[in-house]
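Computation of the quantities below employed the complete heavy-atom set of this structure, encompassing side-chain atoms and omitting hydrogens, waters and symmetry-equivalent molecules. Numbered from 1 within each chain, the chains take letters A, B, ... in sequence-line order.
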Amino acid sequence: MKFGIFYEISVPRPWGPTTEYEVYQNCIEQVKLADELGFDQVWAVEHHFLEEYSHCSAPEVFLTACAMVTKKIRIGRGIVVCVPQFNSPIKAAEVAATMDILSGGRLEFGTGRSATWTELGGFGADPDETKKTWDEWTRIIPKMWTQERFGYEGRAFSMPKRAVLPKPYQKPHPPMWVAVTSPGTELDAADRGMGSLGLTFGGFQEQEKKIAEYRRRIKYCDPVGEFVNEQVNTVNFLFCHEDNEYGGRTGQRLAGTFNYLAEQLLAARQAYPTRSYPNLGLLPALRREATSGPEGTIPEGLAIGNPDRIVDVIKKWEAVGVDRINFLLNAIETVPQQEVLDSMRLFAKEVMPKFAAKPEPASVSAAGGA
Amino acid sequence: MPLVGSRNLATLAESAPAIADLHVDRWEFPKAQILTVMYELDDDAMLSLLPPALHPTIPPTLAFTVTRVPESPVGPFVLAEVRVGCRSGARPRGFSARGYCDSDEAIRALGERWGYPLRKAAVTLEKRYDRIHSMVEATGVVLDVSLMNPEPVSGNDLQYLSSLNIARVPRDGGHAMRLVQVDPDFTFHSADRGQPQLNAFDAAAWELEGARPYFPVSASYAVADITMPELRYLVDPDKPPLESVERL
């Protein structure tokens, strides 16, 4: 089991002249500490226009800054929006390779397609097209990295032969992931030999089924990259405190605040009738499920409370097949920075040692990936 | 925390319908035709259209919905609504301050039972092969809206907002202004989508002064059986979002 941290970079109103600066500085301080404490990875989203919820529209810049002040922690671009109005696939490949070089081979490359009308409408993207362009891009980006010169004639993208430079530091290329929010996307990940970057917070039972099916399907995959990245990464909230009641209460406040902000977004589904975004605001539904335990109890799957409780929770996640957990540490600065840092330290001291390193999946280590 | 509305709804009190009894039974509207067109709103009015109990969506939106009900306990009618997209706490909703209907019987029944704030108007809904068109004529044309170039989709691809209608309800021995949540069930027979086209919209006629829909988002048309619900929730418009919802 590996542990990481995960950033939406939510910024509370009112927005003073230094509010965003302060939130970014807090995040950088957390990342530096995470590196020192032995967290394995830091991920940052790409979101646009999502007021308060996420002010992280240039994660490649944030993550490069993280790489420059850390030594070991891996850098997760989570995710590149594979929609032409948002990004060019050439530029995505170039930026990722540059990040990989600057970080000394620490890049994890996440892919996705955006799920809100706020973003898709803002960029003038067609919701019907996003799954198709994502599919096309995930197949060509690894070739841009590995072929000396790359040329392509496709449906939504074409280019004459050019050397896409630089090439990634990791050979053959960084591990590739898919953000999984819509039902069935974990199977898309499996079929393409990509890691499942879970961005929802479903409980054990629901995740166990999905992971089992992912493991079954990936055995027969046709990998888009040069190697299979069979890994399941999930997202959780973290607030660790000696006092279980205080830890649970603070953690639930954090989770509740995050969920409340998430529900304010205008999902693609809510604005535009399309089969491309399956039924009914899945994100809010799953988040609700994960954060609504019986009255007076902490929801089963959340890593909040005292170290003993969090160890129990993570053991259950391990048992259902999760390889990595990324933690959200804060939401609109609901938890004071010092308490976030203390929570990370306590987690590293009391919880991390209980989880001995598991060997890497053969397919990754054999290929020289992460 | 998210933005909240700033509107005082007291000016609407006089014209809001009164619900005498909050225990209403369900009604069925078989094979209703439903045209829905969504536009983004200019953000000038994103807070001034909504009361403090509601968060605006980001971006702010307006949903135009015209429903032809061929069969109901009060006979056939055509209902036109314009709802401001919002969140009641964390739930997606559409706030309605004024609607129009072509039937006196339906205006009375929908107001008394589900708090629809309706006035009489000529409301048309016309399905052609190249478009589905609706027009509402009250004091002149107050709405002219179309779905262009319909193409079939699945009813499962559509998602309708639950309404919050402004009404007076029995509370504390008298009547108080509340937003009445109306969340019908839909069983779809067919569905289409197409390009939205807004030809005319008189914001003041819908009690939405300052609303300027400017960016087309989507348009859908469906034939569905509608089950009008029992009332389950009220929202006190003047309270903060997390304190405003009352479960019945």
Have Glu129(A) and Thr133(A) got a donor and an acceptor in their side chains that come within less than 3.5 Å?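 Short answer, no.
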What part of [X] is in contact with chain A, defined as an atom under 4.5 angstrom from a non-hydrogen atom: side chain, backbone, both or neither?
X         : value
Met1(B)   : both
Thr36(B)  : neither
Phe215(B) : side chain
Leu161(B) : neither
Pro59(B)  : both

Where on Leu266(A) is there a heavy atom nearer than 4.5 Å to chain B: the side chain, the backbone, both, or neither?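 Both backbone and side chain.
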What part of Glu52(A) gets within 4.5 angstrom of chain B, counting heavy atoms only: side chain, backbone, both, or neither?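 Just its side chain gets close to chain B.
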Exceeds 12 heavy-atom contacts within 6.0 angstrom, atom NZ of Lys31(B):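 Open: at most 12 neighbouring heavy atoms sit under 6.0 Å from NZ of Lys31(B).
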Count the heavy atoms of every other residue, nucleotide or ligand shown that sit under 6.0 Å from CD of Glu213(A), and state whether that count exceeds 12.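 It does: Glu213(A) CD has more than 12 such atoms within range.
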As a quick check of understanding, evaluate side-chain contact (heavy atoms from CB on, under 4.5 Å) for Lys131(A) and Asp188(A), giving each step before the final call. CA-CA 10 Å; Lys131(A) 197 93 173 178; Asp188(A) 290 338; 2.9 Å; yes
Before you tell me yes or no, could you show the steps for Phe201(B) and Tyr39(B) under ring pair (Phe, Tyr, Trp, His ring centres under 6.0 Å), namely the whole-Å CA-CA distance, both residues' side-chain angles and the distance that decides it to 0.1 Å? CA-CA 12 Å; Phe201(B) 170 61; Tyr39(B) 267 65; 9.3 Å; no
Quick one, Glu186(A) with Arg217(A), criterion salt bridge (Lys or Arg N to Asp or Glu O under 4.0 Å). Give me CA distance, side-chain angles, the key distance, then yes/no. CA-CA 10 Å; Glu186(A) 71 279 5; Arg217(A) 287 275 280 262; over 6 Å; no
